[in-house]
Number of protein chains: 4
Amino acid sequence: MRRTTSPQPDGTEFSGKVEKMSERAEATRRKLLEAAEEVFAELGFFRASVAEITRRANVAQGTFYIYFKAKEDIFRALVRTMSHDLRQELAMAVASITDRAEAERVGLETFLHFVTRRRNLYIIVRECEFVDPELHRWYYSRLAEGYMRGLRQAMARGQFRQLDAEAAAYALMGAFHMVGMRWALWEGRVPPREVVESVVSIVLHGLVPRPGEGDPGQPAG
Amino acid sequence: MRRTTSPQPDGTEFSGKVEKMSERAEATRRKLLEAAEEVFAELGFFRASVAEITRRANVAQGTFYIYFKAKEDIFRALVRTMSHDLRQELAMAVASITDRAEAERVGLETFLHFVTRRRNLYIIVRECEFVDPELHRWYYSRLAEGYMRGLRQAMARGQFRQLDAEAAAYALMGAFHMVGMRWALWEGRVPPREVVESVVSIVLHGLVPRPGEGDPGQPAG
Amino acid sequence: MRRTTSPQPDGTEFSGKVEKMSERAEATRRKLLEAAEEVFAELGFFRASVAEITRRANVAQGTFYIYFKAKEDIFRALVRTMSHDLRQELAMAVASITDRAEAERVGLETFLHFVTRRRNLYIIVRECEFVDPELHRWYYSRLAEGYMRGLRQAMARGQFRQLDAEAAAYALMGAFHMVGMRWALWEGRVPPREVVESVVSIVLHGLVPRPGEGDPGQPAG
Amino acid sequence: MRRTTSPQPDGTEFSGKVEKMSERAEATRRKLLEAAEEVFAELGFFRASVAEITRRANVAQGTFYIYFKAKEDIFRALVRTMSHDLRQELAMAVASITDRAEAERVGLETFLHFVTRRRNLYIIVRECEFVDPELHRWYYSRLAEGYMRGLRQAMARGQFRQLDAEAAAYALMGAFHMVGMRWALWEGRVPPREVVESVVSIVLHGLVPRPGEGDPGQPAG
DNA sequence: CATGAATGAGGCTTCATTCAT
DNA sequence: GATGAATGAAGCCTCATTCAT
């Protein structure tokens, strides 16, 4: 929806390649993307080879270059996919929630489910920093934008305190990301409920107990 | 897969190579490490070449292999250096602070100064995830350990709420990391005071205003 | 080595493909030849790709192979075209001239206009030496034959001195060719009048002044 | 001698690579150049492969790139060698000759011997037009320069008629080149005496008989 | 200790050609 | 006739690593 006006750090997307492909071509392209997602996640961008990708996609090596100009190209396509899908999923999950605190919880959960379900894509996005730094910045800036909008709204409504929205957005994204790494990537599963609760709790109420508070937190881990 | 010499959780990382080197050797080794730090940061591990490292270090290519078994080896050495130096610096900065809330602020500031000052090393540690995942895990586990110790202590003393310490540690490390990325890496400087304040404020008190609070936060960014 | 279908010394170059094509086919074939002429001239035979040719001809890649067996084939067709057209044009230009000295001037002028006008074809013929050496020899032998006929006639009539006709033919073709390269190719225009005059003058009267001659030549360049 | 001030169309030569090589390196480089000369002459630049060159030079493929940045590089080096050697040989051959007409004969003979002896190099220079057009132009401009100097001197002394020196130079170079092609390349030998005589004769005295001349030319070929 | 020449495996990419539709 | 997706063989080049000096 907002796709048209936002900056595209790459020349590839949306470039007149509007001529729609045949079914067969579409299928081949998809096979390549799927194979690449797997291979990049397993080996990393640099150790991955186009040969391995085409092998898994069951096409000849040359076929790769019909659909992508270069190895980096397919990588970028995957990052953009993740950017799009994740933001869309977050937007949908939060759409109907008016309590921003609740939205934070749902946002975190959505994120964690997303990166667990699409672990491979998540790994790819993380490596993007070292493959195409500009795209990587674009990815996070884009995510932060959306986040900041939500935060500012909540601040305006008095649901959240007045804070530097950008600082908050990056801090929260960072917290979520690291938790995603620790549990989704390292353990291959959505973090256990207590972990999510603790994180949400910190984000909403901080580490310091409120005055006159016995202790509403989690049992220590 | 190539991870034969697994990371050592202690500082004595190297195989009994206790026989101290000559001054000259020491100097050459240092030149190589410095060159590598630069080259890896600029080009990334995979695009960096041993040839480029030795060129900048002003030594012959063959010399490299006198000091390091492989390209990955020097990379790992740099990651271990950062692990050691950062943890030491954090430990020293926080050592005399008994107020844990204050310690968080100081910890964040110390971290941000460190990664700004040693930007190249920081980039290398980040890439470690894709070069030597096991070492990467070790790096963060190690950092988290120390963090968790501090958090548990604070919880025990009632300074912090009872929360899942590991969840908290990773969430906070993540927040700090992302802020480090956004400001130290992208802009090459320590984040401005307001940003740090906002982050500390969130970490300590959360996003949600305390009941009966007008608004003690930061001006919105 | 790949020279199975050797060049045909007559105009009927193609294997009994006498069955005339439909209008449409004829048009497609022509489009391909025109595109190829352009592409070969711009990129050279080896850097040119069939894909680029079909792209400019606005036909599918596969279509190419309906009309030409291989990339070399269309190249050869272009060389033969130039051979035919140039010889025909020269023949027509000289046909009615009985003074052979005059014929040399006209021949040179005709040649220079031809290669300027059909610069692309000229480039192709020059490259032929490295694409299909046998055809290249055929091309020059063919041209030389005609030239030698004219020279021998002139010698027989006493218009020209008795000289080795083949040596003369190649020397003159060479002179004309290099002038064509220097001006038609490098500068994209017919050489200025003085240049043509000088060349004709040398060809007819040589570099050395005739005895008792003040100096009938050109002003020095 | 004049090497320093003349334009170098390539960045490679004379670029600080003054650090002299070891004997071994020198030898390897020479082996590569010799192999390349052979391979390029046999197959042409484009059909030649670096693999074939290194095979004949008895070195590993990678070794090639220690000495030359790319396939084109070694090609250019060979063209420059020919440019240098030919011009030097011509200069030496003509140095002591004061009669310019005699110099023309000697020049032609020297050229024909050179291209027969160094047939492979000659083929390479010819293909240069399609490999590196700029270098090709440089090659001929350079040759023409020298030629023009000689011609102008002769004109000044009244040995030659006043003609456009550039036109003359290119016409004569062209004549010699085509003769070189016809005999040195096609037949692999220096052209027979009569051919050379005829060419020299045309160059000096032209095709047209001098008035009152029975016929001092060659017997017809 | 240091050198730097040599290695050779392997990666990315191009492209002439084929073929099912 | 025309299409355009697919093929797979090469080719150029890089680079980590070894080794004789």
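The structure displayed is predicted, hence computed values, not measured ones. Per chain, numbering begins at 1; letters A, B, ... match sequence-line order.
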B/Phe45 and B/Phe40 aromatic ring geometry - parallel, tilted or perpendicular at 30°/60° bounds: tilted

Whether C/Arg29 side chain and C/Phe68 backbone form a donor-acceptor pair below 3.5 Å: no

Donor-acceptor pair under 3.5 Å, A/Gln61 side chain vs E/dC12 base: no

Spacing of A/Tyr139 atom OH and A/Asp132 atom CG [to the nearest 0.5 Å]: 14.0 Å

Residue-phosphate contact under 4.0 Å: B/Ser22 side-chain N/O, E/dC1 OP1/OP2: yes

Atom-pair distance (CZ on B/Phe46; C1' on F/dT14), nearest Å: 15 Å

Spacing between A/Lys71 atom NZ and F/dT14 atom P, to the nearest angstrom: 16 Å

Check: D/Met82 and D/Ile124 side chains under 4.5 Å, non-hydrogen atoms: no

Salt bridge (charged side-chain N to carboxylate O under 4.0 Å, His left out) assessment of A/Arg55 paired with A/Glu52: CA-CA 5 Å; A/Arg55 200 173 302 131; A/Glu52 181 60 25; 2.4 Å; yes

Sugar-phosphate, base or nothing in reach of A/Ala27, heavy atoms under 4.0 Å: nothing

A/Glu26/A/Arg30 salt bridge by N-O under 4.0 Å criterion: no

Separation between CZ of B/Arg119 and CG of B/Leu121, rounded to the nearest 0.5 Å: 12.0 Å

Consecutive Watson-Crick or G-U pairs in runs of at least 3, all under 3.5 Å, in which DNA chain E is involved: E:2-21 with F:2-21

Under-4.0 Å side-chain N/O to phosphate OP1/OP2 contact, C/Arg24 with F/dA2: yes

First encountered from the 5' end of DNA chain F, between D/Ala51 and C/Ala25: C/Ala25

For atom CD of B/Glu72 and atom P of F/dT17, their distance in whole Å: 8 Å

Phosphate OP1/OP2 of E/dT13: any A/Tyr65 side-chain N/O under 4.0 Å: yes

Separation of atom CD in D/Glu52 from atom P in F/dC12, rounded to whole Å: 11 Å

Atom pair distance, as rounded to whole Å: CE in D/Met21 and C1' in E/dA6: 13 Å

Interatomic distance where CZ belongs to B/Arg55 and C1' belongs to E/dA5 [whole Å]: 15 Å

Pairwise 5' ranking along DNA chain F for A/Phe64 and D/Thr63, keeping only the more 5' one: A/Phe64

Distance, rounded to the nearest Å, where C/Leu32 contributes CG and E/dA16 contributes P: 14 Å

Nearest-Å distance for atom pair CD1/P, residues C/Ile66 and E/dT18: 13 Å

Span that lies between the C1' atom of F/dT21 and that of E/dC1, in whole angstrom: 13 Å

Along DNA chain E (nearest heavy atom to each residue), the more 5'-positioned of C/Val50 and B/Asn58: B/Asn58

N or O in side chain of B/Thr28 less than 4.0 angstrom from E/dC1 OP1/OP2: no

side-chain contact (heavy atoms from CB on, under 4.5 Å) assessment of D/Thr54 paired with D/Thr63: CA-CA 8 Å; D/Thr54 53; D/Thr63 304; 5.8 Å; no

Presence of D/Tyr67 side-chain N/O under 4.0 Å of E/dA6 phosphate oxygens OP1/OP2: yes

Residue-phosphate contact under 4.0 Å: B/Arg47 side-chain N/O, F/dT14 OP1/OP2: no

Touch class at under 4.0 angstrom, heavy-atom based, for D/Ser49 against every strand present: sugar-phosphate

